[in-house]
2 protein chains.
Amino acid sequence: MSKRRPTRQRTAILTVLEEADSFLSAQELYDALRLKGLSVGLTTVYRNLQTLADRNEVDVVRREDGEWIYRRCDADQHHHHLVCRSCGHAVELANDELELWTKSLARKHRFSEVTHDLELFGLCRECSTSSANQRR
Amino acid sequence: MSKRRPTRQRTAILTVLEEADSFLSAQELYDALRLKGLSVGLTTVYRNLQTLADRNEVDVVRREDGEWIYRRCDADQHHHHLVCRSCGHAVELANDELELWTKSLARKHRFSEVTHDLELFGLCRECSTSSANQRR
DNA sequence: GTTAGTGCAAATGATTTGCAAACAG
DNA sequence: CTGTTTGCAAATCATTTGCACTAAC
């Protein structure tokens, strides 16, 4: 594994990720950086997010429209999210039952290497009240 | 709602979908059609799949690599799948508990319009035995 | 100096759209 | 005829890659 060099760009990306408690897509992170006057190349944003994801330093989820969204994360356990499809705000969920259910199905149907992806999307209280704060 | 006209292309698409008991992407369906000598424009394949999906005549799932895959379906109830990531073979799953769990979480976290997507991917017995039959 | 990191421009690849020609009722 | 459907070519759009350049160590 190679060493990581703290560059201006990397620091900026981490800062914005720390501050945002919601999920952000690469493009949204890119925009957020420019707004802060911390412009970083889009390519760099993508590459850093990828690295962070590989190291499990961010949670990665695919939004309903297909875009990947990322969020700072420390928990190293497997877990799921309830994500606001408007503002990206998210709640972490644990569900052991689901894990067990998955395993028993895999056995029953003789499938191996079964992985599961479960993400819940909805509108958080804020967003269902105001129609402002729309992501797009 | 407009009427549907039975065209050569539409019939061919439905035929292949009926015969395949596995999930297929638009591109795979397109290839399958050519192999059968029933060439249909790729655009047409996409448009028909979209229409079928709108009418709930096919199940639509997003594969791990991001491609949408489709399969003929009659059940109109909400359900999930255990899909082989190699050959597309799938098993339908029902899980009322999951539905209930979703609802209770929505209430608890005050989210509205919560939808959930759960798809399990693995390797079916056939595919985990032989390394042939790989989708890609 | 080496090696990791950056960023522009160009490539990718699935999906969508414009539009004129072909077809079903 | 009249509204659908088709299919090519071109457009989209998030993401990736080639490559020359810059910055850590």
Side-chain angles (χ1 to χ4, degrees), chain A residues 1-17 23-34 36-55 57-71 83 85 88 119 135-136, chain B residues 1-17 23-34 36-55 57-71 83 85 88 119 135-136:
Chain A
M1 203 177 287
S2 52
K3 316 129 215 161
R4 323 201 69 206
R5 290 179 185 173
T7 60
R8 176 184 75 70
Q9 292 83 341
R10 185 157 294 162
T11 308
I13 289 172
L14 284 172
T15 304
V16 173
L17 279 177
F23 276 86
L24 294 174
S25 68
Q27 313 269 352
E28 286 161 354
L29 179 50
Y30 173 76
D31 292 340
L33 285 161
R34 322 203 81 199
K36 285 205 129 206
L38 299 170
S39 290
V40 171
L42 186 53
T43 310
T44 304
V45 172
Y46 273 104
R47 272 193 287 234
N48 275 282
L49 284 174
Q50 184 137 288
T51 308
L52 289 168
D54 290 345
R55 302 182 170 232
E57 288 170 32
V58 286
D59 279 338
V60 191
V61 163
R62 194 193 284 271
R63 217 190 314 176
E64 288 163 314
D65 67 2
E67 257 183 281
W68 291 103
I69 49 181
Y70 307 81
R71 190 177 74 154
V83 185
R85 66 167 69 84
E119 302 299 337
R135 198 196 285 270
R136 52 188 60 214
Chain B
M1 205 176 286
S2 52
K3 314 130 217 159
R4 326 203 65 207
R5 290 183 183 168
T7 59
R8 177 185 73 72
Q9 292 82 341
R10 185 157 296 161
T11 308
I13 288 171
L14 283 172
T15 305
V16 173
L17 278 177
F23 276 86
L24 294 174
S25 68
Q27 315 268 351
E28 286 161 355
L29 178 49
Y30 172 76
D31 292 339
L33 285 162
R34 325 204 78 199
K36 284 204 131 207
L38 299 169
S39 290
V40 171
L42 185 54
T43 311
T44 303
V45 173
Y46 273 104
R47 271 191 290 234
N48 275 283
L49 285 174
Q50 184 137 289
T51 308
L52 289 167
D54 291 344
R55 302 181 170 233
E57 288 170 32
V58 287
D59 278 337
V60 191
V61 163
R62 193 195 282 274
R63 217 189 317 179
E64 289 164 313
D65 67 1
E67 258 182 281
W68 291 104
I69 50 181
Y70 307 79
R71 189 177 74 156
V83 186
R85 66 167 69 83
E119 303 300 337
R135 196 196 286 271
R136 51 190 61 217

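Below, read A as the first sequence line, B as the second, and so on, with proteins coming before strands; counting in each chain starts at 1.
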- Message: How about CZ on R34(B), more than 12 heavy atoms from neighbouring residues, nucleotides or ligands closer than 6.0 Å, or not?
- Response: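 No.
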- So, R63(B) side chain and R85(B) main chain: donor-acceptor pair closer than 3.5 Å or not?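 No, R63(B) side chain to R85(B) backbone: no donor-acceptor pair under 3.5 Å.
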- Task: To the nearest 0.5 Å, tell me how far L24(A) CG sits from Y30(A) OH.
- Result: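 The distance works out to 15.0 Å.
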- Which part of the nucleic acid, if any, lies within reach of R10(A) when heavy atoms closer than 4.0 Å are counted: base, sugar-phosphate only, or nothing?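 Answer is sugar-phosphate: R10(A) comes under 4.0 Å of backbone atoms only.
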- Message: Applying a 4.0 Å non-hydrogen cut-off, can you work out what T7(B) is touching in the nucleic acid: base, sugar-phosphate, or nothing?
- Response: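 Counting heavy atoms under 4.0 Å across all strands, the contact made by T7(B) is with sugar-phosphate only.
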Quick one: [X] [atom1] to [N] [atom2], roughly how many Å, whole number?
| X | N | atom1 | atom2 | value |
| --- | --- | --- | --- | --- |
| L49(B) | dT6(D) | CG | C1' | 15 Å |
| D65(A) | dT12(D) | CG | C1' | 14 Å |
| Y30(A) | dT15(D) | OH | P | 14 Å |
| E28(B) | dT15(C) | CD | P | 10 Å |
| L29(A) | dT15(D) | CG | P | 12 Å |
| N48(A) | dG7(C) | CG | C1' | 12 Å |
| R62(B) | dA14(C) | CZ | C1' | 10 Å |
| Q27(B) | dT12(C) | CD | C1' | 12 Å |

What nucleotide among [options] has an atom nearest to a side-chain atom of [X]?
| X | options | result |
| --- | --- | --- |
| T43(A) | dC25(D), dG3(D), dG7(C) | dG7(C) |
| R47(A) | dC25(D), dT5(D), dT17(D) | dT17(D) |
| E67(A) | dA14(D), dT6(D), dA24(C) | dA14(D) |

- On DNA chain C, check which nucleotide each of R5(B) and G66(B) is closest to and give me the residue with the more 5' one.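 Comparing both residues, the 5'-ward one is G66(B).
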- Return the 5'-most residue of the pair Q50(B), T44(A) with respect to DNA chain C, ranking by each residue's nearest nucleotide.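 Of the two residues, T44(A) wins.
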- Quick one: is dA23(D) close enough that its OP1 or OP2 comes under 4.0 Å of any side-chain N or O from Q9(A)?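 For dA23(D), OP1/OP2 do not have a side-chain N/O of Q9(A) under 4.0 Å.
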- Is any side-chain nitrogen or oxygen of Y46(B) closer than 4.0 Å to OP1 or OP2 of dT16(C)?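 No.
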- Under a 4.5 Å cut-off applied to non-hydrogen side-chain atoms, are L17(A) and L52(A) in contact?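 A side-chain contact under 4.5 Å exists here.
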- Message: Do E67(A) and S25(A) pair up side chain to side chain, a donor and an acceptor below 3.5 Å, judged on atom types alone?
- Response: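 There is such a pair (donor and acceptor under 3.5 Å, judged by atom type) between the side chains of E67(A) and S25(A).
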